[in-house]
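Quantities reported herein were computed from a predicted structural model and do not represent experimental measurements. Quick note: numbers below take in every heavy atom, side chains included, and nothing from hydrogens, waters or symmetry partners.
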Amino acid sequence: MKLSSILRGHAAALRALLVLTVAVGLAYPVLIWLVAQLPGLRDQADGSLLEQDGKPLGSSLIGQLYTDADGNPLPQYFQGRPSAAGDGYDPLSSGATNLGPEDIVDTPDRPSLLTQVCARSLAVARLEGLTDDAGARPFCTGGGVGAVLSVIGPRDTNGLVTRPVRVTSVNEPCASTDRPFLDTYEGVRVECARDGEDYGTGQIVPIRGGAPADPPVPADAVTASGSGLDPHISPAYAELQVARVAAARGLSPERVRALVAAHTEGRTLGFMGEPRVNVLELNLALDGG
C-alpha cells in the first residue's frame, strides 16, 4: 500500500474523530444542558434541592432520618417510612431488603420481615401515644414479633400435619418471654423456642390473631420503599403524627394539619398512585415557622 493512501486514511479517521468529539462530546451535552434550563425543568435538573436561608438542606426526592444520636425518633418532626438504604436514606446504597411475605421465621442473624413489621408497628403506636393494642397487626404477637408456630406431627399426602404432637412458637425464645403468645394449638401445649434447636422440620403455621385487617398504624409506617429513598408518607400516617408534633412544638393541631395539607401531593396526572405527603418539605416548613 502506498504511503499516500495510508496518510489519506489516517487523515479521514482523524477528521471523523474530531467531528464526533465536537458533536457528541461538546454539542450534545450543551444542548441537553440548555433544555434542562427551560422553565419547569431546571429544578429537577439541579437535583430538586431544597434550601433554607440560602443553604441547601436536601432534595425533595430523597428522605432523611429525623432521629437523635441513639436512633430514637425526634418528637418535633414527622417521621418518614423505614429505609433499607444503608443506615437510612443513603443514595449510595439505594435498594430494598428483597424480603417477601414468606419471610416469617426469625434466624440468629436477623429478625424476619414479619417480626420487623410487628416491632415497627408496636414502636409507632407507643411513639404516638397509642395503646399497644393499637399497634397490633395480623400475624403479630402482643410483644411485637411474628406469631408463627412450628407444628410437628404425622402428615398427610399434602405434607400437612394431621395430628400435632409438639408445637413451638418459633419467634419467641424462652429467655425473652414468660409464656408463648398462644397457650395451646389444637389441644397441644405451645412451647417457646430454645436456642440452638432446629424447628424447620415442623410445618410452619402463621397465626392471624384478632387484630383488625386495617390497623391504626398504616402499612407505610412499617414497610420500606423499594428504593429506600422515598421521602413520602401517606396522609393517614401524617395524621397519626399530628398530635405528637403539635405538642412537641407548642402548636395547635389545626396549624400542623394545615401544613400537612399544604405539602400533600395528589395522584400523578390525577389517576396514578395515591395522595402522599413529602416529609422533608413538611419538616422544613415546620422549622421555618
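Although no hydrogens or angles enter the test, the distance criterion places a donor-acceptor pair under 3.5 Å between the side chain of Asn171 and the main chain of Gly146. A distance-only check finds no donor-acceptor pair linking the side chain of Glu265 to the backbone of Pro275 [under 3.5 Å]. No donor-acceptor distance shorter than 3.5 angstrom exists from the side chain of Arg208 to the backbone of Pro138, with no hydrogens or angles considered. A donor-acceptor pair under 3.5 Å links the side-chain atoms of Ser94 to the main chain of Ser227, judged by distance alone. Arg267 places no side-chain N or O within 3.5 Å of a backbone atom of Phe271 that could act as its donor or acceptor partner. The closest donor-acceptor contact from the side chain of Thr168 to the backbone of Val170 lies at 3.5 Å or more, if one exists at all. Judged by distance alone, the side chain of Ser150 and the main-chain N or O of Tyr199 form a donor-acceptor pair under 3.5 Å. Under a 3.5 Å cut-off, the side chain of Arg166 and the backbone N or O of Val190 do not form any donor-acceptor pair. Judged by distance alone, the side chain of Ser121 and the main-chain N or O of Gly135 form a donor-acceptor pair under 3.5 Å. Side-chain atoms of Glu172 never come within 3.5 Å of backbone atoms of Ala147 as a donor-acceptor pair (strictly under, hydrogens ignored).
A salt bridge does not link Arg189 with Asp183: none of the charged nitrogens is closer than 4.0 Å to a carboxylate oxygen. Of the charged side-chain nitrogens involved, none lies within less than 4.0 Å of a carboxylate oxygen, so that Glu186 and Arg163 do not count as a salt-bridged pair. For Asp287 and Arg249, the salt-bridge test passes: some basic side-chain N is under 4.0 Å from an acidic carboxylate O. Salt-bridge annotation for Glu281 and Arg276: absent, with no side-chain N of the basic residue lying under 4.0 Å from a carboxylate O of the acidic one.
Side-chain contact annotation: Ser112 with Asp103, donor-acceptor N/O pair under 3.5 Å absent. Looking at Asn72 and Thr67, their side chains never bring a donor and an acceptor atom within 3.5 Å of each other.
Note: Tyr66 OH to Asn283 CG = 4.5 Å, rounded to the nearest 0.5 Å. We find the OG-CG distance between Ser83 and Asp230 to be 9.5 Å, quoted to the nearest 0.5 Å. How far OG1 of Thr264 is from NE2 of His232: 10.0 Å, rounded to the nearest 0.5 Å. Between atom CG of residue Leu65 and atom OH of residue Tyr89 there is a gap of 6.5 Å, rounded to the nearest 0.5 Å. Remark: Cys192 SG to Leu182 CG distance equals 13.0 Å, nearest 0.5 Å. A distance of 10.5 Å separates CG in Leu113 from CG in Asp106, rounded to the nearest 0.5 Å.
Residues meeting the side chain to side chain contact (heavy atoms under 4.5 Å, CB included) test with Thr201, sequence neighbours left out: Ile152. Scanning for side chain to side chain contact (heavy atoms under 4.5 Å, CB included) contacts around Leu160 gives Asp156, Asn158, Gln203, with sequence neighbours left out.
Partner Asp220 forms a side-chain contact (heavy atoms from CB on, under 4.5 Å) with one of Ser225, Pro82, Ser234 and no other, that one being Ser234. The side-chain contact (heavy atoms from CB on, under 4.5 Å) test with Arg120 singles out one residue from Val222, Thr115, Val217, and that residue is Val222.
Val151 and Val105 end up in different hydrophobic clusters when Ile, Leu, Val, Met, Phe, Trp and Tyr side chains are linked at under 4.5 Å.
Heavy-atom contacts from other residues, nucleotides or ligands closer than 6.0 Å to CG of Asp68 number more than 12.
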* To do: Apply side chain to side chain contact (heavy atoms under 4.5 Å, CB included) to Phe78 and Leu286, showing your working.
  => CA-CA 10 Å; Phe78 280 86; Leu286 285 166; 3.7 Å; yes
